[in-house]
Protein chains: 2
Amino acid sequence: MITLTEENYIKAIYHLGKQGVETVNTNAIAEALQTKASSVTDMLKKLAEKGYADYIKYQGVNLTLEGKKIAIGIIRKHRLWEVFLVEKLNFKWDEVHQVAEDLEHIKSEKLIDQLDAYLKHPTHDPHGDPIPDRDGNFKQIEKILLSQATLGKKYQCVGVKDTSSAFLNYLDANTIALGTEIVLLHKEPFDQSIKIKINSREITVSQNVAKNLFLKTV
Amino acid sequence: MITLTEENYIKAIYHLGKQGVETVNTNAIAEALQTKASSVTDMLKKLAEKGYADYIKYQGVNLTLEGKKIAIGIIRKHRLWEVFLVEKLNFKWDEVHQVAEDLEHIKSEKLIDQLDAYLKHPTHDPHGDPIPDRDGNFKQIEKILLSQATLGKKYQCVGVKDTSSAFLNYLDANTIALGTEIVLLHKEPFDQSIKIKINSREITVSQNVAKNLFLKTV
DNA sequence: ATAAAAATTTAGATTAATCTAAATATAAAT
DNA sequence: ATTTATATTTAGATTAATCTAAATTTTTAT
């Protein structure tokens, strides 16, 4: 049996591993989980012992295949619950994370499969992140940041990098949601701000916004 | 902050307290929670210290007002989730308990209030038990067991005493569900079996069944 | 009313997860 | 190539929840 704490460590290692780094180090995990490095060391030994991770003293840690499977299962649950909260219970997309953080640990295959079916097998969560299927497969749509987009082209909003309430509320206030069409009108060299057209309205957004909004070409 | 374990003890004490007994004793709790009496003693001290229970050594325990509030809150969550599982996710009524047992501990006021609204403020769970409202109020409909019903009268099925899969499956197989109308046709003195009419079909049920099916007069 | 049985509590250990402080290893800087 | 700084691990404690076994209290039976 896997404990809640173990699940949280596995998830953290998985996410940190996806940031391009191949081997995840102790301090990064401690930072992510708001705990102390010594606690992390203890847990890494335990995860290695249980076969969820490959861990070499002082060198860092990687998830085993089994560890990855567990991580993906948790992520699947987390994102399905997020969809449920937004679509059925009228949560706003900045309110779902904390609750989903708890719901993702409920263990019942039937629950998740039925939830998945009830939501009509969604492929992406309210932040645009892909939802793994039963077998753990998912494809990341190739997406770019608004800051890297090309002038004049037409895009569709597919996700956010920053998931803070502040940013998500900003987007709501400016009627930018998943699926919103965006045309890049002008890039201001002076401060990297960007003028875009959304819903036939023109607005200018800061570099900060442009660096946290994911788009795909349409 | 209240821990998961504390919540489970409080719920167990609440349910045991409802069985007519005024003061709940240690062994009953140990039995209900499948743990040892010594563990119960430790927890009772803790619950008393935290103000959730009144506990007198060797005498037994009672929930304080605050303890009762917590218990009712958990029961509200449990029963709302049961409704959700049956109505939205196609669980059968014998499959919901274990999952609801986990879901009931998720702490989010908004989650529960929205779920309640989404389910259209149900007043009873799939086993016929009443669902407390936000303020903890609920009314038990006066119900009797089939074994105590009167000959010739018309009743409606409103709940079950035994919630085992075996019993619930038996009811399903015999098309007896919540709301089903039942007329009592004959009581057999020899073995206390009872002949009833349901959905214009006549069947005979054992004493055991009759003692576990709750009805109300219509 | 006293002895026997049952229920309950205490004392002392154990396990999981955590922490602090000290020790050790690795990386960076001169 | 040392020294210094940073990262990581170890050693030893702590807390919550649990257990076993022994001690104590209450209840039941004679």
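Labels below follow one simple rule: chain letters A, B, ... track the order of the sequence lines, proteins then strands, and each chain is numbered from 1. Values reported hereafter were calculated over all heavy atoms of this structure, with side chains retained and with hydrogens, waters and symmetry mates removed.
For Lys50(A) and dA16(C), the NZ to P distance is 8 Å, given to the nearest whole Å. Rounded to an integer number of Å, the gap from Leu33(B) CG to dC19(D) C1' is 15 Å. If you take NZ of Lys36(B) and C1' of dT14(C), they are 14 Å apart, rounded to a whole angstrom. Across the protein-nucleic acid pair, Ile29(B) atom CD1 and dT9(C) atom C1' stand 14 Å apart, rounded to whole Å. Gln34(B) places its CD atom 13 Å from the P atom of dT18(D), with the value rounded to the nearest Å. Per the geometry, CG belonging to Asn8(B) stands 9 Å off P belonging to dT18(D), to the nearest Å.
The shortest side-chain heavy-atom distance between Leu111(B) and Leu85(A) falls under the 4.5 Å cut-off. Taking 4.5 Å as the limit, every side-chain heavy atom of Lys107(A) sits out of range of all side-chain heavy atoms of Asp102(B). Side-chain contact between Ile13(B) and Val61(B) is present, with heavy atoms from C-beta onward closer than 4.5 Å.
Residue pairs meeting the salt bridge (Lys or Arg N to Asp or Glu O under 4.0 Å) criterion with at least one partner in residues 84-100 of chain B, sequence neighbours excluded, are Lys110(A)-Glu95(B). Pairs of residues two or more places apart, or lying in two chains, that qualify as ring pair (Phe, Tyr, Trp, His ring centres under 6.0 Å) and include a residue from residues 41-79 of chain A are His78(A)-His97(A).
Applying the salt bridge (Lys or Arg N to Asp or Glu O under 4.0 Å) test to Lys45(B) and every residue at least two apart in sequence or in another chain returns nothing. When the salt bridge (Lys or Arg N to Asp or Glu O under 4.0 Å) test is applied to Asp133(A), no partner is found at least two apart in sequence or on another chain.
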*If the sugar-phosphate is the primed atoms plus P, OP1 and OP2 and the base is the rest, what is the B/S/- string for nucleotides 8-13 of chain D, using protein heavy atoms under 4.0 Å?*
BBB---
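Near DNA chain D, meaning a heavy atom under 4.0 Å away, there are no residues from residues 99-108 of chain A.
Lys50(B) has no carboxylate O lying under 4.0 Å from a charged side-chain N of Glu66(B), or vice versa, which leaves the two without a salt bridge.
Residue Ser39(B) is classed as a base contact, given a heavy-atom separation below 4.0 Å to a base.
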